[in-house]
2 protein chains.
Amino acid sequence: MTVTLADVAHRAQVSPATVSRVLNGNYPVAAATRERVLRAVKDLDYVVNGPASALAASTSSLVGILVNDIADPFFGIMASAAQAQISGAEGTPGAIGGEKLAVVCNTGGSPERELTYLTLLQRQRAAAVILTGGAIEDPDHSAAVAAKLARLAEAGTRIVLCGRPPLPPSAGSPVTATLSFDNRAGARRLTGHLLALGHTRIGYVAGPAERTTTRHRLEGHRAALAAAGVADDPARTLHGAFDRASGIAAATRLLDAEPGLTAVVAANDTIALGVCTAARARGLRVPEDLSVAGFDDLPSATDTVPALTTVRLPLIEAGARAGLLAVTRETSHGPDGVETVPAELVVRGSTGAIRGA
Amino acid sequence: MTVTLADVAHRAQVSPATVSRVLNGNYPVAAATRERVLRAVKDLDYVVNGPASALAASTSSLVGILVNDIADPFFGIMASAAQAQISGAEGTPGAIGGEKLAVVCNTGGSPERELTYLTLLQRQRAAAVILTGGAIEDPDHSAAVAAKLARLAEAGTRIVLCGRPPLPPSAGSPVTATLSFDNRAGARRLTGHLLALGHTRIGYVAGPAERTTTRHRLEGHRAALAAAGVADDPARTLHGAFDRASGIAAATRLLDAEPGLTAVVAANDTIALGVCTAARARGLRVPEDLSVAGFDDLPSATDTVPALTTVRLPLIEAGARAGLLAVTRETSHGPDGVETVPAELVVRGSTGAIRGA
DNA sequence: TTGAAAGCGCTACCAG
DNA sequence: CTGGTAGCGCTTTCAA
């Protein structure tokens, strides 16, 4: 049979209550007693019964990290950083059972699965939930998510938004901390950079239509065009998934339709890599014949493409930080619990040459 | 306060037992009663208390998927496939609370974290644990893992190995199903293919030294060389991480040391992409000047490199299948619960030209 | 500083 | 087919 806390208590000649106190380290226990208990735990190879303690304490040690696409290294790195931080942040020093179980849930960008996971985590009485990446822009779904989050918060679950815009400000928001990126400003700078170099025929490969990140970045792009007095030709913008294949397909179509393009902006780094591939496949050199610019969510991916102009979001460190704060402290980020991380323009290699010039 | 099963029972004018039966769908309930209960559930927006039911039933709905590197798309795809299958496979049809919570745990390749996660999952009384990817080859660690798995199995947790070699056969193995890849044969074919084309100066970029996948693939490579009577120059093999940077670094060093290499085998596809990058950076064309071959764990990544020779492991589908079987049925794969998936040789583009020939 | 005991919410066995 | 009810193992007052 499984070893229970009572068994440990018996062996250590103390009451179950005392064993519990030693394990949770949240109550004074005499050093000698403590030693005895810890010995018994070791001897019996005791492992806490999570469900039982979760039931009694009405909170579990589970932390759910929701990501849009686990196969996207961008989310992989985020999740990995958050997990590392959470694991490292053991609650009370000396506690045995204090470790959190940080766990990644892949929604695949599906609204239903997002809600399902939220319900599942609610069911488990999760200690915290971290929502990462762009949100889906559907009023019904947003409302459903907000309602779920309210329920979760009500039950004591800590909510953190990471790389996702803040919820519409409401009285008593359920969100503990929000970390959002200034996607508009980033995109504006990115396109602005290309415009400053003299580009005017600029293609744009956007993400899926119904995502906040997609919209915000596109808005920034258009704002930059408008500010420079460059007409925004809708045909120069194509939507697709946040992946390489989409970048290849979109760039191919853009260049077919308008071979005179001198630059392409990509909505994320994976797409940007695809655009480079498509350009090279047509015999275009990057950046001599075609400048490519993109959001560098994932530094390691684009570091090997020196010709890329990027806006870097310090997502990884920030994400980890948010996760850490969410779990170990009650601290909020700045006023309203919202911290906005500015975008940083990174220019690698030469992007100054305009095709035909 | 939170809505409990008793509240639902009260509203539906039935006993808690009946509500439980409706929710779990594991017992006959009159249609009318069932309807009444379901209505009450909806009305009250009831959500099962996971810990409570886990405690009572002494098993939870948690399924842990352990991966070596969540930032590696290879694992991302595996995990994602397994999650999809598990989510799709709702236990008893009509059950409300039957969904499993499939969750990814990132060990980062660290032995300690592997054990920690196993303990955490044990604590949660996980329904199943899926271990993916190569195992660490350290006797102490292997023993510790085996012991943990035994404990887990004892407590009813289902264990599945996926893309990982079977445990040393012992009486009453704790493992429900094992799905392993014939890495040796795959590597042998890969290198054999290059040898058949006439290559004799072949570099090899291996993974981390202490992994089973690393060793098996390297053994296959050497076996192929031996079979062809080609001397195995140890200097032509370099170890590194399973990532692109490592591929670039290793290929650079290999080509510096021996510019006459005509082919390079990479221990996984990400490394292979790095090797291609490094080759191109030196002005070598692939495959005209340098043939590159690699394990194609992740089809989508290498599909954009037509010149690559690869051995494809049908990991994704197989992994999903294993996860499904582990969770929904008790079926084992083949004798001993071990299914070995053969490697399939894929040759894209021309790899027939040998440099200098 | 420690012990005793009352639940936490659900499952499953035993009656009916 | 349905109800009653005894735990599951742990936490947490309340006393001592």
Side-chain angles (χ1 to χ4, degrees), chain A residues 1-37 40-41 44 46-61 91-92 95-98 122-125 127 155-156, chain B residues 1-37 40-41 44 46-62 91-92 94-98 122-125 127 155-156:
Chain A
M1 266 313 292
T2 342
V3 180
T4 74
L5 185 145
D7 298 330
V8 175
H10 193 257
R11 184 175 235 272
Q13 312 269 42
V14 296
S15 73
T18 300
V19 177
S20 171
R21 293 195 266 253
V22 170
L23 257 34
N24 295 307
N26 52 2
Y27 234 77
V29 172
T33 316
R34 164 191 219 75
E35 278 315 305
R36 216 143 21 94
V37 171
V41 167
L44 267 38
Y46 170 70
V47 174
V48 179
N49 183 319
S53 74
L55 172 58
S58 72
T59 179
S60 78
S61 59
T92 315
I96 303 281
Q122 177 186 8
R123 178 177 304 174
Q124 300 294 333
R125 302 295 186 261
Chain B
M1 265 317 293
T2 343
V3 180
T4 73
L5 185 147
D7 298 331
V8 175
H10 194 256
R11 185 175 232 273
Q13 313 268 42
V14 297
S15 74
T18 301
V19 178
S20 172
R21 293 195 267 254
V22 171
L23 259 32
N24 295 306
N26 53 2
Y27 233 78
V29 172
T33 315
R34 161 191 221 76
E35 277 314 305
R36 214 141 25 89
V37 170
V41 167
L44 267 37
Y46 169 70
V47 174
V48 179
N49 183 319
S53 74
L55 173 58
S58 71
T59 178
S60 78
S61 59
L62 201 66
T92 315
I96 302 278
Q122 176 185 9
R123 178 177 305 175
Q124 301 293 332
R125 301 297 186 260

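From a predicted model like this one, the values you see are computed outputs, not experimental measurements.
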Does a side-chain N or O of [X] approach OP1 or OP2 of [N] to a distance below 4.0 Å, or not?
X	N	answer
B:N24	C:dT11	yes
B:S20	C:dT11	yes
A:T18	C:dG3	yes
A:S58	D:dT11	no
B:T4	C:dG9	no
B:S53	C:dC10	no

Using whole Å, report how far [atom1] of [X] lies from [atom2] of [N].
X	N	atom1	atom2	answer
B:Q13	D:dG4	CD	P	12 Å
B:R21	D:dC1	CZ	P	11 Å
A:L44	D:dG9	CG	C1'	15 Å
B:N49	D:dG9	CG	C1'	14 Å
A:L5	D:dT12	CG	P	12 Å
B:L23	C:dG9	CG	P	15 Å
A:L55	C:dG9	CG	C1'	5 Å
B:E35	D:dT2	CD	P	12 Å

Sugar-phosphate only, base, or nothing, as touched by A:V19 at under 4.0 Å among non-hydrogen atoms: nothing

First of A:Y27 and A:P51 reached from the 5' end of DNA chain D, by closest nucleotide: A:P51

Residue met sooner reading DNA chain D from 5', once B:A52 and B:T33 are mapped to nucleotides: B:T33

Would the distance check show the side chain of [X] and the main-chain N or O of [Y] forming a donor-acceptor pair, the cut-off being under 3.5 Å?
X	Y	result
B:S60	B:Q124	yes
A:R36	A:A12	yes
A:R123	B:G50	no

If you check every side-chain atom of [X], which of [options] has the closest atom?
X	options	result
B:A17	C:dA12, D:dT2, C:dT2	C:dA12
B:P16	C:dT11, C:dG9, D:dT2	C:dT11
B:A56	D:dT12, C:dG9, D:dT2	C:dG9
B:Y46	D:dT2, D:dT12, C:dC10	C:dC10

Measure across [X] and [Y] and return the closest heavy-atom pair with its distance rounded to 0.1 Å.
X	Y	result
A:A127	A:T59	CA-OG1, 4.2 Å
B:A52	A:L55	CB-CD1, 3.6 Å
B:T4	B:Y46	C-CE1, 3.5 Å

Any donor-acceptor N/O pair under 3.5 Å between D:dG9 base and B:R125 side chain: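 In this structure, the two groups form no donor-acceptor pair.
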
